[in-house]
2 protein chains.
Amino acid sequence: MLRLSKLTDYATVLLAYMAKTNSHLHTAVELSEATTIHVPTVSKVLKVLSKAGLVYATRGSKGGYQLAQGPEQITVASIIGALEGPVAITECSSQTHDCEQASACEIKGNWGVVNRAIINVLESITLADMMVSQQQYSSEEIQVSWQGLSR
Amino acid sequence: MLRLSKLTDYATVLLAYMAKTNSHLHTAVELSEATTIHVPTVSKVLKVLSKAGLVYATRGSKGGYQLAQGPEQITVASIIGALEGPVAITECSSQTHDCEQASACEIKGNWGVVNRAIINVLESITLADMMVSQQQYSSEEIQVSWQGLSR
DNA sequence: TCGATATAGGACTAAATTAGTACTGTATAA
DNA sequence: TTATACAGTACTAATTTAGTCCTATATCGA
Ligand code: FES
Ligand code: FES
């Protein structure tokens with residue numbers, strides 16, 4: 001299925017909301033109400049995003065979170081990286097890892113190539129791109145839409 | 001991490017071996033010995049590949065498996081699809097699904113665009129591409145290598 | 001300075017998914 | 001008929017993910 005974790009999805013929704021309304025600091029409670037994600041989960045996600053440097057956190061009363069960079073600077077790859085670590089579609093796709101099958105393997109190194117191709121896609125899409133309104137679409141229209149996003 | 005299941009990795013290794021040595025039918029035991037993947041697992045994977053039509057199976061003595069299509073016709077997307085179902089990086093990325101946050105969501109439809117972009121990559125890479133020998137590489141070299149593979 | 005507010009960090013439990021194995025049934029060749 | 005090899009399915013164990021909670025720390029304002 002090649003699925004992202006729910007937390008990564010939550011993170012993207014939360015960041016998009018913050019990007020849209022960046023006039024003030026956002027508390028975890030406010031973000032929860034805006035997105036319908038439960039408070040403990042919002043809190044968990046934002047702690048991770050803060051540690052990764054994607055949001056800036058202020059403690060105490062009048063505190064809250066704000067984006068640390070503009071929506072054009074935050075890539076989908078960086079959001080995934082913050083929540084799940086670097087993209088690695090198989091154990092074998094990072095350069096440093098030695099795979100079990102070692103010398104016998106017919107496809108050695110090729111997962112790395114596929115992985116890099118996917119990372120390139122994910123690095124080319126920013127939070128700003130994720131906020132453009134999408135209509136109902138057919139497969140072909142997605143293709144067109146994507147052409148517009150890619151650089 | 002955006003990870004594929006191990007079974008998908010196994011499937012690709014097995015198909016690559018079959019592609020390289022397509023002179024005869026391959027039994028599960030032979031494939032196990034060639035790849036070091038345990039027999040029950042080889043068997044499980046091949047049953048799935050057979051059902052998906054990627055390999056053709058012959059029962060009985062002198063039986064075994066062979067590729068149902070040429071290595072150039074089998075895409076990485078089709079291998080993933082056979083083992084894990086269609087690629088869907090989030091619950092929200094398939095057109096038909098209604099997401100929880102519904103109307104409030106700032107990024108509605110955009111996971112679908114990202115998903116389609118990734119599918120395009122995976123559909124453009126074939127089993128034949130996965131069999132080209134890869135040297136040790138730097139990030140830039142991967143980029144070059146990938147340019148060569150893409151169409 | 002005290003108390004209210006809000007995040008930081010970590011631990012913990014429950015749920016879901018994945019991996020691996022085993023068993024019974026069916027087809028084929030000699 | 002017998003040995004071989006795949007088909008289908010069920011089951012268990014292992015791993016990962018999601019969700020919650022508790023304690024500590026920082027900040028503001030009365
Ligand atoms: S899958 Fe790891 S070396 Fe082939
Ligand atoms: S994440 Fe599903 S509608 Fe926004």
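A, B, ... follow the sequence lines: proteins, then strands. Residue 1 opens every chain. Keep in mind it's a predicted model, so treat the numbers as computed, not measured.
Of the possible donor and acceptor atoms, one in the side chain of Thr21(B) sits under 3.5 Å from a partner among the backbone N and O of Tyr17(B). Between the Thr35(B) side chain and the Leu31(B) main chain, a donor and an acceptor come within less than 3.5 Å of each other.
Shown for residues 50-63 of chain B: residues whose heavy atoms fall under 4.0 angstrom of DNA chain D, namely Ser50(B), Ala57(B), Thr58(B), Arg59(B), Gly60(B), Ser61(B). Residues from residues 16-31 of chain B that place a heavy atom under 4.0 Å from any atom of DNA chain D, listed by number: His26(B), Thr27(B), Ala28(B).
Rounded to an integer number of Å, the gap from Leu49(B) CG to dA7(D) P is 11 Å. Atoms NZ (Lys6(A)) and C1' (dA15(C)) sit 10 Å apart, rounded to a whole Å. Taking atom CZ of Arg3(A) as the reference point, atom P of dT15(D) lies 23 Å away to the nearest angstrom. As rounded to whole Å, 13 Å separates atom C1' of dA19(C) from atom CG of Asp9(B). Look at OH on Tyr10(B): it is 14 Å from P on dT18(C), rounded to the nearest Å. With rounding to whole Å, Lys44(B) atom NZ is found 15 Å from dG8(D) atom P. We find that CD of Gln66(B) is positioned 14 Å from C1' of dA5(D), with the value rounded to whole Å. The nearest whole Å value for the distance from the CD1 atom in Ile37(B) to the C1' atom in dA19(C) is 13 Å.
Side-chain contact of Gln73(A) with Thr126(A): a donor-acceptor pair under 3.5 Å is absent, judged by distance alone. No side-chain donor from either of Tyr65(B) and Glu30(B) sits under 3.5 Å from a side-chain acceptor of the other. Defined by atom type and a distance below 3.5 Å, a donor-acceptor pair is present between the side-chain atoms of Thr8(B) and Glu84(B).
Residues Trp111(A) and Met130(B) are in side-chain contact: their nearest non-hydrogen atoms beyond the backbone lie under 4.5 Å apart. Inter-residue side-chain proximity for Asn115(A) and Val87(A) is flagged as met; some heavy-atom pair is nearer than 4.5 Å. In this structure the side chain of Leu122(B) reaches within 4.5 angstrom of the side chain of Leu2(A), judged on heavy atoms. Between Val55(B) and Met18(B), the closest side-chain pair of non-hydrogen atoms falls below 4.5 Å.
Comparing dT7(C), dA18(D), dG20(C) by their closest approach to the side chain of Ser5(A) singles out dA18(D).
Each of Lys47(A) and Leu46(B) lies near DNA chain D, and the nucleotide nearest Leu46(B) is the one positioned closer to the 5' end.
Residue Tyr65(B) places no side-chain N or O under 4.0 Å from the OP1 or OP2 atom of dA5(D). In this model, the phosphate group of dA18(D) is not approached by any side-chain N or O of Thr41(A) to a distance below 4.0 Å at OP1 or OP2.
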